[in-house]
Amino acid sequence: MLCGVKIHRVAVVGCGALARHVHLPNIRKNSRMKLVAACDMDVAAAESARADFGAERAETDWRKVVAAKDVDLCVLSTHTNLRGEFIIPALESGKAVYTEKPLAPSLEDMRAIVRASRATGRAVCVGHNRRSSPAMLEFRRLLEKARRGPRGTTPSMDRSEGRAHLPEEDQMQLLIRINDDARSWKHWIFSDAEGILFAEMVHYIDLALWFNAAPAVRAYVEGKAIGNFGVVLRFADGSTTLMHHTLVGNFDYPKELFEATANNITVAMDQHFEVRQIGMRDEPTLRVFDYASESSWAKRKGMTGYMAEQEEEARRAAAEKRPTRWINVNKGHSEHLDRFLDHLEGRGENPCSVESAVPVTRVALRLLESSASGLPVKISPDDLAVG
Ligand SMILES: NC(=O)c1ccc[n+]([C@@H]2O[C@H](COP(=O)([O-])OP(=O)(O)OC[C@H]3O[C@@H](n4cnc5c(N)ncnc54)[C@H](O)[C@@H]3O)[C@@H](O)[C@H]2O)c1
């Protein structure tokens with residue numbers, strides 16, 4: 001505790017790409033956290049994380065992190081090769097855990113983590129960080145408002161006037177398009193049979209379940225789990241969410257587009273930097289959002305600003321004979337961890353509880369079955385039960 005501010009003593013387990021680019025810099029920048037231990041089974045990764053991000057010590061054995069008396073929060077950033085085996089004893093030794101997604105590779109593992117969290121009273125937050133992206137939160141606010149009604153502004157000819165409307169008119173339709181570029185992936189993607197459909201789609205399944213009011217009842221995947229696929233998720237009220245994922249996109253083009261329609265209102269979110277809507281006269285049609293802090297050199301905002309900044313940056317980099325800088329966007333990583341600290345201090349909800357991540361990860365596992373069989377799969381209440 002420093003002048004009434006609680007300092008969370010943190011260990012990062014798994015100091016690979018995500019930890020180095022996201023979690024370790026965010027922890028260093030956040031005055032509410034002190035980095036106590038950087039742990040990785042690869043001694044060079046642990047040592048360089050310690051040296052570069054000012055950890056008090058480096059560790060190569062996660063059991064030492066579990067046993068440590070001076071750590072109260074663990075950030076787990078390995079792949080799913082390490083989940084329940086670490087999380088459960090960490091909770092039992094009194095630590096809170098922020099774990100990267102996917103929550104766990106099996107339903108049994110997930111339910112064991114939920115049980116341990118309940119038994120110990122220690123919280124787990126899952127890294128479905130897009131729930132904390134400022135643009136995504138605005139998209140959700142507008143979508144909730146659109147669904148509550150009244151219906152959107154009327155067109156010049158409105159055949160629905162004075163008539164009972166179709167049951168379909170009470171549904172919400174959502175498109176999630178992910179433009180990915182396989183050239184930017186690391187080598188593991190070639191040997192991981194579950195590929196993107198499990199490891200990456202949990203972000204978007206999480207949002208689809210979060211945005212839809214009714215439970216998911218059916219899912220269908222057309223395409224292979226590695227990357228080029230379409231997913232249809234059907235909900236109990238008849239609403240559908242389509243997820244389109246491509247691996248032959250260009251990484252310089254904005255990756256994530258969300259477009260929802262409800263109550264004759266359209267709401268869209270482009271790559272965490274632009275939110276648009278048509279149909280609600282009391283809301284702006286366009287709002288733009290800041291890029292990630294390390295990309296504050298890019299001044300023009302929104303879709304047109306992003307495209308113009310990219311074109312100019314490519315020209316400048318070529319003239320100056322240096323690599324082109326990415327424009328990083330704010331996908332909510334730092335806000336997600338910060339909201340979890342608030343929760344640990346009793347000042348707000350857990351931004352992504354382990355309970356909410358179980359159905360998400362379970363649906364992802366069912367999608368793998370559909371992709372393998374080429375057939376739709378039923379999502380039963382048992383699939384969505386937490387345990
Ligand atoms: N939330 C996001 O936006 C986001 C983005 C990328 C990756 N991720 C997730 O983050 C996780 C890590 O991804 P990455 O790209 O950093 O992978 P990575 O392979 O670069 O890093 C993983 C690190 O964990 C270490 N490790 C593995 N097993 C270990 C063990 N038993 N003990 C200690 N260290 C161990 C490895 O040595 C490696 O350094 C994955 O679960 C991935 O799905 C999330």
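Below, all heavy atoms of this structure are taken into account, side chains as well, without hydrogens, waters or symmetry copies. Just follow the structure's listing: the first ligand is 1, and inside any ligand the first atom is 1.
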Checklist entry - Is Y253 reachable from I327 through a run of hydrophobic residues whose side-chain heavy atoms are each under 4.5 Å from the next? => result yes
Item to check | Residue G127 vicinity, atoms of ligand 1 by number, heavy atom under 4.0 Å | outcome: 1 (N)
Next on the checklist: Need the ligand 1 atom indices (1-based, order shown) with element for anything under 4.0 Å from a heavy-atom of S77.
Outcome noted: 11 (C), 12 (C), 22 (C)
Item to check | Any N/O pair H333/ligand 1 closer than 3.5 Å | outcome: yes
Next on the checklist: Side-chain heavy atoms nearer than 4.5 Å, only ILVMFWY residues, links allowed to pass through others: does that put V13 and L73 together?
Outcome noted: no
Item to check | Transitive ILVMFWY side-chain link Y98 to L18, under 4.5 Å | outcome: no
Item to check | Atom of P254, atom of R177 and distance for their closest heavy-atom approach | outcome: O-NH1, 3.2 Å
Item to check | Protein heavy-atom partner closest to atom 42 (C) of ligand 1 - residue, atom, separation in Å | outcome: K101 O, 3.7 Å
Next on the checklist: One pair to check against side chain to side chain contact (heavy atoms under 4.5 Å, CB included): F211 and M136. What are the steps and the verdict?
Outcome noted: CA-CA 11 Å; F211 295 148; M136 195 64 83; 3.9 Å; yes
Item to check | Numbering as shown, the atoms of ligand 1 that approach H79 to under 4.0 Å (heavy-atom distance) | outcome: 13 (O), 14 (P), 17 (O), 18 (P), 19 (O), 40 (C), 41 (O)
Checklist outcome for this item: From the list K224, H245, M243, side chain to side chain contact (heavy atoms under 4.5 Å, CB included) partner of F229 resolves to H245
Next on the checklist: Need the ligand 1 atom indices (1-based, order shown) with element for anything under 4.0 Å from a heavy-atom of L82.
Outcome noted: 30 (C), 31 (N)
Checklist entry - Quick one: does E200 get within less than 4.0 Å of ligand 1, heavy atoms only? => result no
Next on the checklist: I'd like to check which ligand 1 atoms, numbered from 1 as shown, lie under 4.0 Å from a non-hydrogen atom of R83.
Outcome noted: 41 (O)
Checklist outcome for this item: Ranked by distance from atom 37 (O) of ligand 1, the top protein heavy atom is D40 OD1, 2.6 Å
